[in-house]
**Q** 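Pasting a structure below so you can have a look.
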2 protein chains.
Amino acid sequence: MKKDKNEIIEVCQTIEIHKDIIKKVRENTPDESTLNKLADLFKIMGDNTRMKILYALLQVDEMCVCDLSTVLKKTPSAISHQLRILRQADLVKYRKEGKVVYYSLNDEHVKEILDVGFSHITEG
Amino acid sequence: MKKDKNEIIEVCQTIEIHKDIIKKVRENTPDESTLNKLADLFKIMGDNTRMKILYALLQVDEMCVCDLSTVLKKTPSAISHQLRILRQADLVKYRKEGKVVYYSLNDEHVKEILDVGFSHITEG
DNA sequence: ACTATATATGAACAATTATTCAAATATTAA
DNA sequence: TTAATATTTGAATAATTGTTCATATATAGT
């Protein structure tokens, strides 16, 4: 069992059980970097605090850190850390007004993804 | 700053900066358990290996552990561990034929979620 | 300049988790 | 029964990550 990433691993004794299936999958799967980005997107949404932030921002135009902190019952620091992650992933944007920073959703896709996920949870 | 979950935390000195916004969000956000389930769903999709498994199963009807192991260049054990997580989340189903276990996607929603996420990555 | 407030940030800690390894099942064939 | 193979499983390890705490920055008011 080679560990080199470029080697073909002989996973099972019957090396490739279903050649046609493996061929089809290899030809039609997006490249690794795209799949990694996709996994990263879901990873960011896969956290209770960040999910609550996104759903809160879905209800209103914008919220400041203190609003989110109040609604989620978490410290402003914890909220700020998570907002930073959402910012870096371009899922939220912000504007500054004096001392207060207002955050809002950055992307229409976010709502779509949440909606489909919601259907899976409630219907399925 | 109380830690009791039922207490209202006084996060900032100006306790609730925007009462109307906070009220609206509180009234329209799904309950905690639903949001947790939603975060769990995305958490499961937010892993490189599991994402590759899902995308592979999206291309063909079904694949056995050995097929997945070959395509993803991971040990059957690693694949099996991840399939177990996908099974428990009802994202995949399986059927057994002799020694071989065939896995397939369990839900139409999975494809939808992946598609919307894909749009976000590629278009945005 | 000084104080107060809203937010951000870095380090530390605790908790979660993906992979590996070894061993256990389950099924088929001899 | 014995051997071979596909898959599963439990324990151990290494890596990642969310929160807290202390501190820093930014802005407004006095």
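First the proteins, then the strands, lettered A, B, ... as listed; each starts at 1.
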**Q** Categorize A:Tyr102 for me: base, sugar-phosphate, or nothing, with a 4.0 angstrom heavy-atom threshold over every strand shown.
**A** nothing

**Q** Within the 4.0 Å heavy-atom criterion, would you say B:Ile85 contacts the bases, only the backbone, or no part of the nucleic acid?
**A** sugar-phosphate

**Q** Write down the distance between CD (B:Gln88) and C1' (D:dT8), rounded to a whole number of angstrom.
**A** 12 Å

**Q** Mind listing the residues from residues 49-63 of chain B sitting with a heavy atom below 4.0 Å of DNA chain C? Number order is fine.
**A** B:Thr49, B:Arg50

**Q** Take the protein atom CZ of A:Phe42 and the nucleotide atom P of C:dT17, then report the distance between them rounded to whole Å.
**A** 18 Å

**Q** Nearest to the side chain of A:Cys64, heavy atoms from C-beta on, is which of C:dT20, D:dT19, C:dT7?
**A** C:dT7

**Q** By nearest atom, which of the nucleotides C:dT7, C:dT20, C:dA8 is closest to the A:Arg87 side chain?
**A** C:dA8

**Q** Would you say that more than 12 heavy atoms from the other residues, nucleotides or ligands in this model lie under 6.0 Å from the CG of A:Asp61, or not?
**A** no

**Q** Would A:His81 pass as stacked on C:dT9, i.e. its ring centre under 5.5 Å from the base's six-membered ring centre and planes under 30° apart?
**A** yes

**Q** Test B:Ile85 against every option in B:Arg87, B:Gln82, B:His81 by the side-chain contact (heavy atoms from CB on, under 4.5 Å) rule and name the one that passes.
**A** B:Gln82

**Q** From CZ of A:Arg84 over to C1' of D:dG18, roughly how many Å is that when rounded to an integer?
**A** 13 Å

**Q** Tell me which nucleotide among D:dT8, D:dT20, C:dA6 gets nearest to the side chain of A:Val100.
**A** C:dA6

**Q** Please tell me which of the listed nucleotides, C:dA18, D:dT19, D:dT8, lies nearest to the side chain of A:Lys74?
**A** D:dT19

**Q** Donor-acceptor pair, B:Thr122 side chain versus B:Phe118 backbone, under 3.5 Å?
**A** yes

**Q** Applying salt bridge (Lys or Arg N to Asp or Glu O under 4.0 Å) as the test, list every pair that has at least one member in residues 93-106 of chain A; sequence neighbours left out.
**A** A:Glu62-A:Arg95, A:Arg95-A:Glu97

**Q** From the options A:Asn106, A:Leu83, A:Ile53, A:Ile44, select the one residue that forms a side-chain contact (heavy atoms from CB on, under 4.5 Å) with A:Leu91.
**A** A:Ile44

**Q** Measure CG/B:Leu86 against P/C:dT17 and give the value in whole Å, please.
**A** 14 Å

**Q** Could you check whether atom CD of A:Glu32 has more than 12 heavy atoms from other residues, nucleotides or ligands sitting under 6.0 Å from it?
**A** no

**Q** Check for a donor-acceptor pair, side chain of A:Thr29 on one end and backbone N or O of A:Val25 on the other, with a separation under 3.5 Å.
**A** yes

**Q** Are there over 12 heavy-atom neighbours, none belonging to B:Tyr102, within less than 6.0 Å of that residue's OH?
**A** yes

**Q** What is the distance, rounded to the nearest whole Å, between atom CG of A:Leu83 and atom P of C:dT9?
**A** 11 Å

**Q** Sort me out a list of protein N/O and nucleotides 22-30 of chain D N/O pairs below 3.5 Å, or just none if empty.
**A**
from: D:dA26; atom 1: O3'; to: A:Lys96; atom 2: NZ; distance (Å): 3.3

**Q** Tell me: CG of B:Asp47 to C1' of D:dT17, nearest whole Å?
**A** 14 Å

**Q** Can you name the closest pair of heavy atoms from B:Asn28 and B:Lys24 and give their distance?
**A** ND2-O, 2.7 Å

**Q** Between B:His120 and A:His109, how do the two ring planes meet: parallel, tilted or perpendicular, split at 30° and 60°?
**A** perpendicular

**Q** Does A:Tyr103 put a side-chain nitrogen or oxygen below 4.0 Å from OP1 or OP2 of C:dA8?
**A** yes

**Q** Taking 4.0 Å as the cut-off, does a side-chain nitrogen or oxygen of A:Gln82 come that near to OP1 or OP2 on D:dT19?
**A** yes

**Q** Nearest whole Å is fine: how far is D:dT16 C1' from B:Asn48 CG?
**A** 13 Å

**Q** Just the rounded figure in Å: distance from C1' of C:dA6 to OH of A:Tyr94.
**A** 15 Å

